[in-house]
Structures are given as C-alpha cells and as structure tokens.
Amino acid sequence: MEQNKKKKVAYFYDPEVGNYYYGQTHPMKPHRIRMTHNLLLNYGLYEHLEIYRPNPARDDELTRFHSDEYIEFLRLITPDNQHEHLRQLKRYNVGEDCPVFDGLYQFCKCYTGGSIGGAVKLNKGQNDVVINWAGGLHHAKRSEASGFCYVNDIVLAILELAKYHRRILYIDIDIHHGDGVEEAFYTTDRVMTVSFHKFGDYFPGTGGLEDIGYDKGKLYSLNCPLKDGIDDESYEQLFKPIMTKVMERYDPDAIVFQSGADSLSGDRLGCFNLSIKGHAECLKFMTTFGKPMLVLGGGGYTIRNVARCWAYETGCLLNVDLEDNLPQNDYIEYFGPEYRLHFTPSNMENQNEREYLEKVRNKILQNLQLIEPAPNVPFHNVPSDALELDERPDADLLDDDERGEGGAGDEKKKLWAGEVDGSYGEGEKPNRNVSDIEPSKRSSRNKTNGVEENGAGDKEAEEATPMDEGKG
C-alpha cells in the first residue's frame, strides 16, 4: 500500500453549476457545489490542486450509454414546453423527483463533462486522483431519469476508463443503492460495483445481499445492505475487510469512488449516523492502494454538511490537515452557530446488530472468494479520447464567477416525498453574484473567464455495446 506518496490531484469545477435550481422546496441543491468550492478556496486547498473547468459533454458522448431518444428529450424539454410533452415526461420519469428546470440539459452536460474529463486525465496518466464533486449522479438509467439524476455521468466515466483499464472498481457510499451503475454493468466482469446502502422500504428498493450480477458479471456486483443508524465503528468493520478482499481478488486498474454525503448523520433525507471523519475514512482507505482514482459527489441534502464533508475529503486526498474552525467564507452563516468543520453525530439507535453485520460481511467475503482472481482482458485498438482537454490547469477559473431508479411501470419509488424543510438556509435560492474567486485575487476579478471551450475530437465509430471496446 502507498501511504505517504504525494499524489497529483486534479479538480474539475464550473462556476455555473451552482446556478442551476431544481426548485424552492426540492432537496437537491447544486448550490452545495459552490459552497464546497468556496471552502476549498478559503482553506487554501486550491494551492495544491490542478484546477480545470470541464468542457460540457457532447451529445454523442451522452449516447454512449443513454438512448438517442432520451437525450433528445432532455435537450428539448423546458419549463415552458413541458405541458406539451406529458406522455414523454411519464415515459422518461421526469416530473416530481426529477423536475424540468431552466438549463436542465446544460446542467447535465456540465456535471458529466467533469467526470468524463477526469477519466481522460487518468487514462493519460496525468493525475493520480481526479475530483468532480458535481458528478456522482448514480440513479439515472439508459432511458430514464431517477432519484434526482438525469444523465449517469458515472457510467460514462467508467466507459471512458475502460478504454485503457482492463478492470474498473466502482465504490458507492451514498445512503441510496447505486442502482443505475450496477444495472449498466450487471453482466460484465470488466467492472465490479460495490455499494454500501440503506436497504428495505427505502429508495430505490434494490441492492439486496443476493444481487450479485449475472452471466459474465456474476459475483461482480456486491451489495452491502444496511439498517438505520449505522455509526463510524460499524461501518468501518464492514468497509475495510470487504474492500481489502475486493482489492486482493479483483485487483482493479482504476477506481471510481462515489462519495455521496447523504450517509452522514443528520442528512435531510438520510437515516445513517456517520461523522465526517467516519465517512472520509472510507475514501482515505482506498487511496492507500495506490490506484488511479476518480472521486465524485452524489447525494447529500443538508447542504452545510455536504460542503463540510467534501472540503474535508479534498484535504484528505491532498494530505492536508484542515483546521476545525472554519475560515471566513461567503457562506459562513450556513455553518452557525458553531462555525466548525466537524459536527457531532446524533445519539440515534444503531439498528445494525453485530450478528447482522457479521452475516453480511461473511456472505460478501465468501462470494469474493469464488471469483477468479484478476480476469485478463486483451486490448487491441484503443478508441480516441472522448474529450480533447485543454492541458493547462485553469488558473483563470479562480478569477471569475460572472458568467451569467426505477423499473418499468406506472408506480415508481420516490426518493423525496415532497415535504418542505424549514432548515435555515437549506431551501434558499442561490445568490448568483457571490464570489468563488481565490481570496488573494478578489480585487482583480476578470470580466471574462479566458478559458476556451475546446471542441472534442471526432465522434467515435460504432460503439455497439458499452463494454465491447478493447475486447478481442
């Protein structure tokens, strides 16, 4: 394991992402990405990062996984014309959990561009770790929105990584099952999916211990179903032995880590009891294996805690310790009255009895023992990169922020029941004029970003099935 090696870390961020708005009472707030970014700046973490603005994903990149018809629908639907397309709204599960809002398609291209762009940088060996906190929308299906997710940036990033990496490990610590990613790779051994999640009468209702994959993918889907109130100690007792065995048996060439923060204590939609340090311990543990890693966001609906968590985890990836007293920042009022980075978990009951956790752990370890170690996949022609990235870190990004699950059937599980939360600041519309600039440069903001949106390369020739690439 590589414990102390200095890692080269890239970070994708678009100042526009915080402007997108699901609606006043909707729990998903892209504004949390801006809050996270602002903490990174004011903690000084930007000095240790290569910062890039992502190129928006192109239509043909999105259709490497999603259907042409679904992407065309997302491209054309708007709040003004949605009443003319009621049948399609129902068909594509767009409405309540996944509303139509201004700029929806641009939002999808924005967060997906960061994840695909991060995969390209890992493919080229330019970075050890790439972070895209705007990504990690794991519920979206091939032709369906689900659970606040429209485009599955994770699947698209994994498909990009699969051009250069024989085996990709996907880890999901969001409180909700990573159903969209699991479903996409359920029949292949090229990708192993591992999800730790609340299971039972809970969205999306999938991810049982017995769900292990199918055909060539049998035993390559791992699900760790959990009950309410799991704490740091119980979570670690599952996570570390399971992931140690995964790394031993599967030996992936690259890791995609979905760091959904709704598994934290006190989340608006969650029911786990993890601290920020307990949550981050999972990510820190996976860095010790020295594999190229793409780190993504995901769920998280108490947005002050999301920003705390992802700022702390960025520091962990950089091996930089952060003071518990929060620095002055543009959103300091969200973090009162303590104004601290860390918070104390609640005293809620941990319903995960020791016997239950041992049963889950032992069954997963038994399944892992059955897989063939490190399946070998021959490579031949490697397709071209999805995105032609600007190779220069985007220093100008810090100077400007002025630019403007479900299966078939009528009844679908909902992630959100539609309640209005009166928590301070959690339901507010984001201020489009607050700064995301480097603290030392706030007096010299540029009016234009100066970052050319590079065109991507030519559309790749026939991509019959997602995992066909590289197979002989």
Side-chain angles (χ1 to χ4, degrees), residues 138-139 147 169-179 181-183 186 192-214 218-250 257-286 298-301 309 344-371 405 413 415:
H138 58 170
H139 294 305
L169 171 62
Y170 172 67
I171 306 167
D172 191 317
I173 64 169
D174 194 290
I175 195 172
H176 301 97
H177 177 228
D179 57 334
V181 184
E182 177 183 281
E183 182 179 300
Y186 206 62
M192 176 176 279
T193 62
V194 186
S195 180
F196 297 79
H197 52 269
K198 156 78 173 173
F199 185 70
D201 185 17
Y202 199 71
F203 182 89
T206 53
L209 190 59
E210 70 282 358
D211 297 325
I212 59 173
Y214 181 74
K218 187 175 181 180
L219 299 174
Y220 292 91
S221 291
L222 274 62
N223 285 294
C224 191
L226 302 169
K227 301 177 184 179
D228 289 13
I230 192 162
D231 56 22
D232 293 355
E233 182 181 1
S234 297
Y235 206 96
E236 185 173 334
Q237 287 173 358
L238 279 175
F239 187 88
K240 288 188 175 180
I242 288 172
M243 296 317 304
T244 298
K245 179 62 74 171
V246 165
M247 298 302 291
E248 172 192 318
R249 300 295 294 178
Y250 191 60
F257 192 100
Q258 198 266 22
S259 193
D262 48 6
S263 44
L264 291 172
S265 180
D267 188 79
R268 178 176 169 183
L269 299 184
C271 54
F272 284 178
N273 201 25
L274 298 182
S275 71
I276 288 175
K277 288 184 178 179
H279 191 275
E281 186 61 30
C282 301
L283 181 59
K284 290 169 67 176
F285 183 68
M286 295 315 301
Y301 308 102
C309 180
T344 303
S346 77
N347 61 354
M348 70 185 297
E349 178 189 1
N350 183 357
Q351 297 180 17
N352 298 269
E353 306 89 353
R354 179 185 299 178
E355 295 77 12
Y356 174 75
L357 295 176
E358 288 179 353
K359 173 191 169 186
V360 169
R361 181 178 64 238
N362 291 340
K363 181 59 178 174
I364 292 174
L365 293 177
Q366 287 170 15
N367 287 342
L368 282 167
Q369 200 61 35
L370 297 175
I371 72 171
E405 152 112 297
K413 266 190 186 296
L415 198 161

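- Less than 6.0 angstrom separates the ring centroid of Y202 from the ring centroid of H176.
- Listed for the D262 side chain is no donor-acceptor partner under 3.5 Å among the backbone atoms of D174.
- Checked against L222 for a side-chain contact (heavy atoms from CB on, under 4.5 Å), the options N367, L368, I212 give a single hit: L368.
- Within the 3.5 Å criterion, the main-chain N or O of I371 finds a donor-acceptor partner in the side chain of R249.
- Contact between C282 and I173 at its shortest, heavy atoms only, is CB-CD1, 4.2 Å.
- Here the straight-line distance linking atom SG of C224 with atom CG of L209 works out to 8.0 Å at 0.5 Å rounding.
- T206 and D211 share no donor-acceptor pair across their side chains, judged by distance under 3.5 Å alone.
- Interatomic distance, D231 CG to S265 OG, rounded to the nearest 0.5 Å: 10.0 Å.
- Between G213 and S221, the shortest heavy-atom distance links the atoms N-CB, 3.7 Å.
- In terms of heavy atoms, H279 sits closest to C309 at ND1-SG, 3.5 Å.
- Note that CD1 of I171 and CZ of F196 are 7.5 Å apart. Values are rounded to the nearest 0.5 Å.
- Between the S195 side chain and the H177 main chain, no donor and acceptor come within less than 3.5 Å of each other.
- Going from atom CZ of F203 over to atom NE2 of H139 covers 4.5 Å, rounded to the nearest 0.5 Å.
- For F199 against P225, the heavy-atom pair with the smallest separation is CB-CB, 3.3 Å.
- Ring geometry for F239 versus Y235: interplanar angle under 30°, hence parallel rather than tilted (30 to 60°).
- To the nearest 0.5 angstrom, M243 atom CE is 8.5 Å from F285 atom CZ.
- L226 contributes atom CG, which lies 9.0 Å from atom CD1 of I175 (distance to the nearest 0.5 angstrom).
- Between the side chains of E233 and N350, no donor N or O sits under 3.5 Å from an acceptor N or O.
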Start with the C-alpha distance between M247 and M286, add both sets of side-chain angles, then the distance that settles side-chain contact (heavy atoms from CB on, under 4.5 Å), and finish with yes or no.
CA-CA 9 Å; M247 298 302 291; M286 295 315 301; 3.7 Å; yes
CA sep, side-chain torsions, deciding dist, call: H138, E182, side-chain contact (heavy atoms from CB on, under 4.5 Å)
CA-CA 9 Å; H138 58 170; E182 177 183 281; over 6 Å; no
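- Evaluation of the ring-ring contact (aromatic ring centres under 6.0 Å, His included) rule for Y186 yields no partner, not counting sequence neighbours.
- Judged by distance alone, the side chain of E353 and the main-chain N or O of E355 form no donor-acceptor pair under 3.5 Å.
- Listed for the D228 side chain is no donor-acceptor partner under 3.5 Å among the backbone atoms of C271.
- For the residue pair H197 and D172, no side-chain donor N or O sits within less than 3.5 Å of a side-chain acceptor on the partner.
- Residue Y214 qualifies as open at atom OH: its count of foreign heavy atoms under 6.0 Å is 12 or below.
- Checked against salt bridge (Lys or Arg N to Asp or Glu O under 4.0 Å), K240 has the following partners two or more places apart in sequence or in another chain: E236, E281.
- Between K227 and F272 the shortest heavy-atom distance is O-CE2, 3.4 Å.
- With contacts defined as side-chain heavy-atom distances shorter than 4.5 Å, the pair K245/Q369 qualifies.
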